[in-house]
Amino acid sequence: MLFLGIETSCDETSLALLEGKVNSGLSFYEQINNFEVLGSLTSSQIKVHQQYGGVVPEVGARQHAEQIHWLFEQLLVKTIAKSKKFESRDKLLTSISDIFVTAEPGLVSALRVGVEFAKSLKFFLEKEFDHTVNLDYVNHLSGHIVSCFYQKRLDKDELGLVSCDNSKGGARYAQNNSSASFDIFPHLHLLVSGGNTQTILLKDSYNWEIVGQTLDDAAGECFDKIGRMLGLPYPGGVNLAKIAELKEENYFDFPISMYKSDSINFSFSGLKTALRYFLQEAQVEGFVIQRQLSNVEIEQLAESASLDLSPKLQFIKKVAISVQFVVVQQLCKQFNKAVRQLSPRSVGLSGGVSANLLLRRKLAEIRPQKVLISQKELTGDNAIMIALAGTRKKTLAKNKKLS
Ligand code: KG4
């Protein structure tokens with residue numbers, strides 16, 4: 001059986017083909033890892049949105065519409081070239097049993113492109129090959145969560161990044177995953193993306209409950225907004241992390257919200273406001289950030305120790321290090337509190353911000369729980385995670401029918 005995943009919720013058009021069987025006799029972890037990624041292609045719109053300083057929904061939707069058919073054709077070609085089983089286009093197309101597409105949450109105009117494509121493809125496949133194709137709608141966040149359980153190593157061949165500039169590698173900190181099966185539930189999960197920061201308790205593969213969340217901005221949103229104040233191009237989080245490296249310093253005593261309270265929620269808008277006032281004061285002292293930094297300046301910031309830089313760049317580097325440290329501290333401290341309260345058997349990390357190396361390192365230190373961290377290739381929006389989340393829905397439906 002072949003499962004096609006489709007993701008167009010924001011600024012990445014992504015398609016993936018997975019092969020495997022839904023087997024209700026397997027544990028959730030075994031089931032997820034029972035699937036093989038035959039091929040995946042992701043086209044990033046970052047370069048398009050950079051000129052506006054953030055995602056413009058209508059522009060994004062047009063990009064998805066322009067990319068998705070071409071991407072699908074490329075995925076077919078790539079899969080046929082890789083897998084001997086599918087010697088022809090028709091053979092491959094007739095093997096698609098399920099289409100899983102992101103339907104929420106996301107930008108409505110962008111989501112619609114994926115959903116309409118999925119519906120048309122189902123119609124075409126059923127008409128042309130006279131077999132039933134299952135189409136199901138997937139929650140984007142469940143995709144992020146499920147991605148941390150997929151621990152089969154993805155090689156470059158399986159991943160196609162058509163135009164993505166945030167793929168600079170880094171160590172993975174996924175741990176304790178060598179054995180094919182272990183008890184993961186209850187599992188406590190930290191999902192950190194551009195639009196969401198949530199702690200979710202997974203009692204089992206079906207019962208999932210949000211137990212903590214941001215009261216205002218998401219962590220990624222906070223990174224992006226502060227990145228913009230510092231003159232970094234969109235997405236600020238990616239560039240801020242590049243220049244902050246793995247340093248653990250809070251040079252300017254920026255506030256770490258929430259952690260003195262009993263709450264396990266998060267809050268990032270205080271840091272954003274503190275930064276605004278801090279930069280205004282710094283401006284009075286002569287540190288004026290008037291324009292977007294050039295790529296050369298960003299490379300310089302990424303590669304040089306603070307002291308080798310001009311005073312202005314030194315200042316930006318120190319702010320970036322402090323901001324990253326404060327955000328990661330809050331995420332880990334709040335999540336740790338939740339871990340202590342709920343005593344899960346395993347913990348997990350996913351979402352775009354989980355590409356952050358300092359966050360990965362700090363979260364991996366949580367003991368004695370088993371730590372499952374999404375492979376770096378699965379942290380951003382991608383269709384592999386959507387196909388995996390779709391198979392979870394299918395397995396649950398199958399189990400329900402059997403019981
Ligand atoms: O999950 P995602 O790709 O999109 C949403 O569904 O929101 O997350 C995008 C977010 C952006 O805010 C981006 O700045 C942030 O993830 N991000 C990072 C890093 N890589 C991506 N933030 C901090 N450090 C990174 N290495």
**Item:** Side chain proximity check, L293 to L301, heavy atoms < 4.5 angstrom
**Value:** yes
So, Q375 side chain and Y150 main chain: donor-acceptor pair closer than 3.5 Å or not? yes
Going through the checks in order, is the side chain to side chain donor-acceptor pair (under 3.5 Å) test met by S43 and Q45?
CA-CA 7 Å; S43 166; Q45 301 174 1; over 6 Å; no
d(L271 CG, D216 CG) to nearest 0.5 Å is 10.5 Å
Heavy-atom closest pair (H49 atom, V55 atom, distance to 0.1 Å) is ND1-CA, 3.6 Å
Which label fits F252 and F278: parallel for a plane angle under 30°, tilted from 30 to 60°, or perpendicular past 60°? tilted
- Query: Is a donor on one side and an acceptor on the other found under 3.5 Å between the side chain of R291 and the backbone of G231?
  - Reply: no
Correct closest heavy-atom pair for F86 and S95 would be CE2-OG, 3.4 Å
When you measure from the side chain of Q324 to the backbone N and O of I321, does any donor-acceptor pair fall under 3.5 Å? no
Would you say H189 and V347 make side-chain contact, with heavy atoms under 4.5 Å?
-> no
Of all heavy-atom pairs linking R228 and Y52, the shortest is NH2-O, 4.2 Å
Taking the side chain as everything from C-beta on, heavy atoms only, tell me whether F223 gets closer than 4.5 Å to V353. yes
When you measure from the side chain of K122 to the backbone N and O of V133, does any donor-acceptor pair fall under 3.5 Å?
yes
One should read off an interatomic distance between K376 NZ and L154 CG, to the nearest 0.5 angstrom, of 13.5 Å
Quiz item: Does the side chain of L232 come within less than 4.5 Å of Q292's, by heavy atoms?
Solution: no
Problem set entry | Worked check of salt bridge (charged side-chain N to carboxylate O under 4.0 Å, His left out) between K152 and E36 | CA-CA 8 Å; K152 274 191 179 170; E36 289 293 336; 2.8 Å; yes
Point to revise | Under-4.0 Å salt bridge between E19 and K85 | key: yes
Taken to the nearest 0.5 Å, the spacing of I184 CD1 from I32 CD1 works out to 8.5 Å
Main-chain N/O of Y137 paired with K393 side-chain donor or acceptor, under 3.5 Å: yes
Under 4.0 Å between a Lys/Arg side-chain N and an Asp/Glu carboxylate O for E281 and R276? no
Worksheet item: Does Q31 use its side chain to pair, donor to acceptor, with the backbone of K21 at less than 3.5 Å?
Response: yes
Minimal heavy-atom distance between L309 and Q314, with the atoms involved, is O-NE2, 3.1 Å
- prompt: Is a salt bridge present between D98 and K394, judged by a nitrogen-to-oxygen distance below 4.0 Å?
  reply: yes
When the aromatic ring centroids of H64 and F117 are compared, is their separation below 6.0 Å? no
- Message: Main chain of G212, side chain of N265: is a donor-acceptor contact present, judged purely on distance under 3.5 Å?
- Response: no
When rounded to the nearest 0.5 Å, the distance separating OG of S346 from CG of L188 is 8.5 Å
Here the gap from L388 atom CG to C148 atom SG, rounded to the nearest 0.5 Å, amounts to 11.0 Å
Is the shortest heavy-atom distance from the side chain of Q213 to the side chain of T199 under 4.5 Å? no
Q) Are K225 and E221 within salt-bridge range, i.e. N to O under 4.0 Å? A) yes
Within a radius of less than 6.0 Å around CZ of F129, do more than 12 heavy atoms belonging to other residues, nucleotides or ligands occur?
yes
May I ask you to check whether F335 and F266 place their ring centers less than 6.0 Å from one another?
no
Would you mind checking if K317 and E245 are paired as a salt bridge, meaning a charged N to carboxylate O distance below 4.0 Å?
-> yes
>> Using only atom types and a distance under 3.5 Å, with no angle test, would you say the side chain of S142 pairs donor to acceptor with the backbone of N139?
In response: yes
Between the main-chain N or O of G114 and the side-chain N or O of T8, is there a donor-acceptor pair closer than 3.5 Å? yes
Closer than 4.0 angstrom, basic N to acidic O: yes or no for K78 and E73? no
Between S374 and S147, does any side-chain donor sit less than 3.5 Å from a side-chain acceptor?
yes
Give the intermediate values and the outcome of side chain to side chain contact (heavy atoms under 4.5 Å, CB included) for residues L191 and L141. CA-CA 8 Å; L191 193 170; L141 302 181; 3.9 Å; yes
Exactly one of N134, V22, L17 clears side-chain contact (heavy atoms from CB on, under 4.5 Å) with F3, and that residue is V22
#### Entry: Side-chain donor-acceptor contact under 3.5 Å, T42 with E12
no
Practice prompt. Would you check if P233 and N239 make a side-chain contact, meaning some heavy-atom pair closer than 4.5 Å?
Written response: yes
Counting C-beta onward and ignoring hydrogens, is there a side-chain heavy-atom pair between I46 and P235 closer than 4.5 Å? yes
Those residues at least two apart in sequence (or on a different chain) that pass side-chain contact (heavy atoms from CB on, under 4.5 Å) with D130 are none
For H144 and D381, the nearest pair of non-hydrogen atoms, with its separation, is NE2-OD1, 3.3 Å
(request) Start with the C-alpha distance between H187 and K370, add both sets of side-chain angles, then the distance that settles side chain to side chain contact (heavy atoms under 4.5 Å, CB included), and finish with yes or no. (result) CA-CA 9 Å; H187 171 88; K370 291 187 174 75; over 6 Å; no
Residues passing the salt bridge (charged side-chain N to carboxylate O under 4.0 Å, His left out) test with K91, sequence neighbours excluded, are none
The reported gap from NZ in K247 to OG in S322 (rounded to nearest 0.5 angstrom) is 11.0 Å
Q.
Whether the K337 and Q334 side chains hold a donor-acceptor pair (N or O, under 3.5 Å, no angle test) is what I'd like checked.
A. yes
Paired with L349, the side-chain contact (heavy atoms from CB on, under 4.5 Å) test is passed by just one of L331, I145, V371, L359, namely L359
Side chains of N382 and S14 only: does a donor on one sit below 3.5 Å from an acceptor on the other? no
(Q) Quick one about D11 and Y234 (side-chain donor to acceptor, distance below 3.5 Å, no hydrogens or angles considered), yes or no? (A) yes
Taking atom types as modelled, is there a side-chain donor on H140 or E104 under 3.5 Å from an acceptor on the other? no
Looking at K203, is its backbone amide N or carbonyl O close enough to the side chain of N207 to form a donor-acceptor pair, meaning the two atoms are under 3.5 Å apart?
no
Nearest heavy-atom contact between H131 and T94 is NE2-O, 3.5 Å
